[in-house]
S.K.: 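Before I ask anything, here is the structure I am working with.
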Amino acid sequence: MNDIARERASLYRDMAPRHLTPLWEVLHRLVPPRPEPACLPHQWKYADVRPFVERSGEVITAEEAVRRVLIFENPGLPGQSRVTGSLYAGLQLILPGEIAPAHRHTQSALRFIVEGSGAYTAVDGERTTMHPGDFILTPSWTWHDHGNEGREPVVWLDGLDIPTIAFLDAGFAENASAAVQAIARPEGTSAARHGANLAPVRDADARPYGMASPLFSYPYDRSRAALAALVRAKAPVDPCDGHKLRYVNPATGGWPMPTMAAFLQWLPAGFRGRGSRQTDAAVYSVVEGHGRAVVEPVGAGAGVPRTFELGPRDHFVVPSWAKLSLAADEDCVLFSFSDRPIQQAIGVWRESRAG
Ligand code: GTQ
């Protein structure tokens, strides 16, 4: 070590007890020229995951577990219950006759139904029945419980902003006094008020969930029909995305919740998409069809491109700024969600569609 190196080392050592550290040793890591996500691309094939979901149903009840969920843990973020840096995801199972007790929390949740029909989720006194492909919101601080009054197991993808709220140290939660909340309005009330391109005239019913969409269930038959109509109409096919629509808050035209965006896209049979990058890492759930996702990551996964063969109910995660290229052997429908609303609110969201 030369003199200056020794002087620097002694400066660091001497000031460490004062909780002082030199920026110049870490500046390049703090302010990288491009995103350096620890998050890695990963796929969970449903055939691999389903037996464990089933076994979870044999070892604990939904009521005892409170939420019986197998967490999708990103291999680049072990032990952190994160699927990306900012998001949590998992598969929740509820068996016939079970309930998952009512609680509320500042974390926002979304559900995307993967398998089975006949379960419900209730949000602030109104139930919605789940069918595969339905997209359902649980806005921040709303009471919610889940139950299954049908005859088959129901599995859905949970997406929550848990890591974001933890980063902000803004998490609060409480249990309700009753496991199943009282029904205040018949099923379909939210859809009638907010789901038909009509809206309440006066404020009282306009924003029942604050900043989140007043519509809390987006049934698959309607979302799918919209995409199918675009396909039939031979609408222009985006070279990267195929036909891709975003779920909206009908009261504002904005995102359904302040922290999470969600999308549904249709890749026509034979589609060979151009690669694109976005700064919002995304979690995908394959709804229909077979195809392929090629993910070329930056950051921790750089230099290790991954190819995921896609089939119904498979899930995969695409890190920030990874190049994603999608292809479809047959008509393919994909659901996805990300933290794009946060990034756009603070003006940092970017994409590159150069290929
Ligand atoms: O359904 O309320 O996957 O509170 C994680 C935390 C689901 C839920 C999760 C939760 C929930």
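Both ligands and their constituent atoms are indexed starting at 1 by order of listing. Because the structure is predicted, anything quoted here is derived from the model rather than measured.
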S.K.: Tell me if the centroids of the rings in Phe135 and Phe112 come within less than 6.0 Å of each other.
M.R.: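 Not under 6.0 Å, so no.
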S.K.: What does the 4.0 Å heavy-atom contact list look like for ligand 1?
M.R.: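 These residues qualify: Arg67, Val69, Tyr88, Gln92, His103, His105, Arg111, His144, His146, Asp158, Leu160.
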S.K.: Show which side-chain atoms of residues 120-130 pair as donor or acceptor with protein atoms under 3.5 Å away, not counting sequence neighbours.
M.R.:
unit_1, atom_1, unit_2, atom_2, d
Tyr120, OH, Arg127, NH2, 3.3
Thr121, OG1, Asp145, O, 3.4
Thr121, OG1, His146, ND1, 2.7
Asp124, OD1, Trp143, N, 2.8
Glu126, OE1, Arg185, NE, 3.1
Glu126, OE1, Ser190, N, 3.3
Glu126, OE2, Thr189, N, 3.1
Glu126, OE2, Ser190, N, 2.9
Arg127, NH1, Glu149, OE2, 3.3
Thr128, OG1, Ser217, OG, 3.2
Thr129, OG1, Glu187, OE1, 3.0
Thr129, OG1, Glu187, OE2, 3.0

S.K.: What's the verdict on ring pair (Phe, Tyr, Trp, His ring centres under 6.0 Å) for His315 and Phe72, showing C-alpha distance, side-chain angles and the deciding distance?
M.R.: CA-CA 9 Å; His315 293 84; Phe72 285 146; 5.3 Å; yes
S.K.: Can Gln265 and Asp241 be counted as having a side-chain donor-acceptor contact under 3.5 angstrom?
M.R.: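 Result is no, nothing qualifies.
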S.K.: So which heavy atom on Pro250 is nearest to which on Pro214, and how close?
M.R.: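 In this case the closest contact between Pro250 and Pro214 is CD-CD, 4.2 Å.
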S.K.: Below 4.0 angstrom, N of the basic side chain to O of the carboxylate: do Arg111 and Asp134 qualify?
M.R.: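 No, Arg111 and Asp134 are not salt-bridged.
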